[in-house]
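Following: one structure in structure tokens, then a few remarks.
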Amino acid sequence: MIKRFAKITPDMPVVEASSYLIKHELLGSPVTDDTGTLLGWISEHECLQAALQVMYYNQRVATVKDLMRTDVLTVAVTDDVLTLARQMLDAKPKIYPVVDAQGKVLGVVSRRQMLRMLDDRLQELSKKA
């Protein structure tokens with residue numbers, strides 16, 4: 001899990017959210033309220049659609065709340081790592097928000113972090129063999 005993720009709010013312009021994703025090199029990020037509670041998810045996909053509309057029609061697009069997904073799959077810190085890794089192989093998201101019991105976002109976990117963690121464990125096992 002990484003704790004450094006874009007802080008995106010529902011009232012933020014999509015163009016600004018897009019800049020945050022680029023800055024943090026993320027495929028997507030949780031959308032939270034002022035307390036850090038998960039409200040939705042915005043990805044590069046939605047931001048790309050908005051950027052094209054701005055470029056093509058020369059008009060500002062709506063705010064994050066107008067484009068964000070609200071049916072967000074989440075994980076908990078206590079979730080089994082191998083189960084999550086298998087879930088990521090299916091047609092599931094590539095990146096998930098990690099939330100606590102109250103729905104507050106603690107960080108995000110991506111396929112890359114999962115692969116890195118598994119690679120580290122495999123390296124340890126090969127040294128022991």
Side-chain angles (χ1 to χ4, degrees):
M1 171 178 80
I2 58 171
K3 295 181 181 181
R4 184 189 61 106
F5 58 92
K7 305 292 186 195
I8 297 178
T9 61
D11 295 324
M12 181 182 288
V14 175
V15 176
E16 186 178 341
S18 178
S19 294
Y20 278 39
L21 292 180
I22 293 166
K23 177 182 175 186
H24 292 284
E25 297 181 350
L26 294 170
L27 300 173
S29 189
V31 179
T32 60
D33 63 14
D34 293 337
T35 67
T37 301
L38 180 68
L39 301 174
W41 185 267
I42 188 126
S43 71
E44 287 178 325
H45 180 81
E46 289 88 18
C47 291
L48 181 58
Q49 287 176 324
L52 283 173
Q53 188 171 350
V54 169
M55 294 297 292
Y56 189 74
Y57 297 109
N58 196 24
Q59 48 180 228
R60 286 270 175 210
V61 178
T63 59
V64 168
K65 69 181 165 196
D66 296 321
L67 298 177
M68 71 181 189
R69 296 184 58 125
T70 55
D71 58 337
V72 183
L73 293 176
T74 63
V75 296
V77 175
T78 57
D79 285 354
D80 178 61
V81 174
L82 295 178
T83 301
L84 178 58
R86 282 191 295 271
Q87 182 176 325
M88 287 179 160
L89 290 175
D90 296 333
K92 302 284 184 185
K94 297 168 185 70
I95 184 170
Y96 292 79
V98 180
V99 297
D100 66 13
Q102 291 74 41
K104 293 193 187 302
V105 178
L106 304 173
V108 294
V109 63
S110 71
R111 288 180 181 170
R112 182 166 295 140
Q113 278 102 33
M114 294 297 293
L115 185 58
R116 186 175 293 129
M117 186 269 313
L118 292 171
D119 184 59
D120 289 346
R121 288 194 182 169
L122 289 170
Q123 295 293 330
E124 289 173 19
L125 289 173
S126 68
K127 288 178 185 177
K128 291 179 182 178

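Here the structure is a predicted model, which is why all the values come from computation and not from measurement.
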To the nearest 0.5 Å, atom CG of Asp100 lies from atom CG of Leu106 at 5.0 Å

Tightest non-hydrogen contact, residues Leu38 and Pro97, listed as CD2-CG, 4.1 Å

Heavy-atom closest pair (Ile42 atom, Cys47 atom, distance to 0.1 Å) is CG1-SG, 4.0 Å

Closest non-hydrogen contact found for Met68 with Leu39 is CE-O, 3.8 Å

Contacts of Ser19 meeting side-chain contact (heavy atoms from CB on, under 4.5 Å) (sequence neighbours excluded), chain-then-number -> none

For Leu115, the side-chain contact (heavy atoms from CB on, under 4.5 Å) test, sequence neighbours excluded, returns none

Contacts of Asp34 meeting side-chain hydrogen bond (donor to acceptor under 3.5 Å, both in side chains) (sequence neighbours excluded), chain-then-number -> none

| request: Using distance alone, with no hydrogens and no angle criterion, decide if Asp11 and Thr9 have a side-chain donor and acceptor under 3.5 Å apart. | output: no

Between the OG atom in Ser29 and the CD1 atom in Ile95, the distance rounded to the nearest 0.5 Å is 7.0 Å

_Against the six-membered ring of Phe5, is Lys7 placed for a cation-pi contact (under 6.0 Å from the centre, within 45° of the normal)?_
yes

Using the rule given for side chain to side chain contact (heavy atoms under 4.5 Å, CB included), can you reason through Gln102 versus Thr37, listing the C-alpha separation, both sets of side-chain angles and the distance that settles it, and then say yes or no?
CA-CA 8 Å; Gln102 291 74 41; Thr37 301; over 6 Å; no

Do the side chains of Lys104 and Val99 get nearer than 4.5 Å, heavy atoms only? no

Which of Arg112, His45, Glu44 passes side chain to side chain contact (heavy atoms under 4.5 Å, CB included) with Leu27? It is Glu44

The side-chain contact (heavy atoms from CB on, under 4.5 Å) partners of Ile22 (sequence neighbours excluded) come to Ser18

All heavy atoms of Val98 vs all of Ala76, minimum pair found to be CG1-C, 4.1 Å

With sequence neighbours left out, the residues meeting side-chain contact (heavy atoms from CB on, under 4.5 Å) with Gln123 are Asp119, Ser126

Asp66 meets the side-chain hydrogen bond (donor to acceptor under 3.5 Å, both in side chains) criterion, sequence neighbours left out, with Thr63

- Query: Less than 4.5 Å apart, any side-chain heavy atom of Leu84 and any of Asp79?
  - Reply: no

Residues Arg111 and Met88: closest non-hydrogen pair is NH2-O, 2.8 Å

Got Leu118 and Leu82 here, is their nearest side-chain heavy-atom distance under 4.5 Å? yes

| message | Please say yes or no: joined through hydrophobic side-chain contacts below 4.5 Å, possibly via intermediate residues, are Ile8 and Leu48 part of one cluster? | response | no

Between the CD atom in Glu46 and the CG atom in Leu21, the distance rounded to the nearest 0.5 Å is 9.5 Å

Shortest non-hydrogen pair, Leu73 vs Tyr96, comes out as O-CD2, 3.5 Å

Checklist entry - Stepwise, does the side chain to side chain contact (heavy atoms under 4.5 Å, CB included) test hold for Met12 with Lys65? => result CA-CA 8 Å; Met12 181 182 288; Lys65 69 181 165 196; over 6 Å; no

Taken to the nearest 0.5 Å, the spacing of Leu26 CG from Ser110 OG works out to 8.0 Å

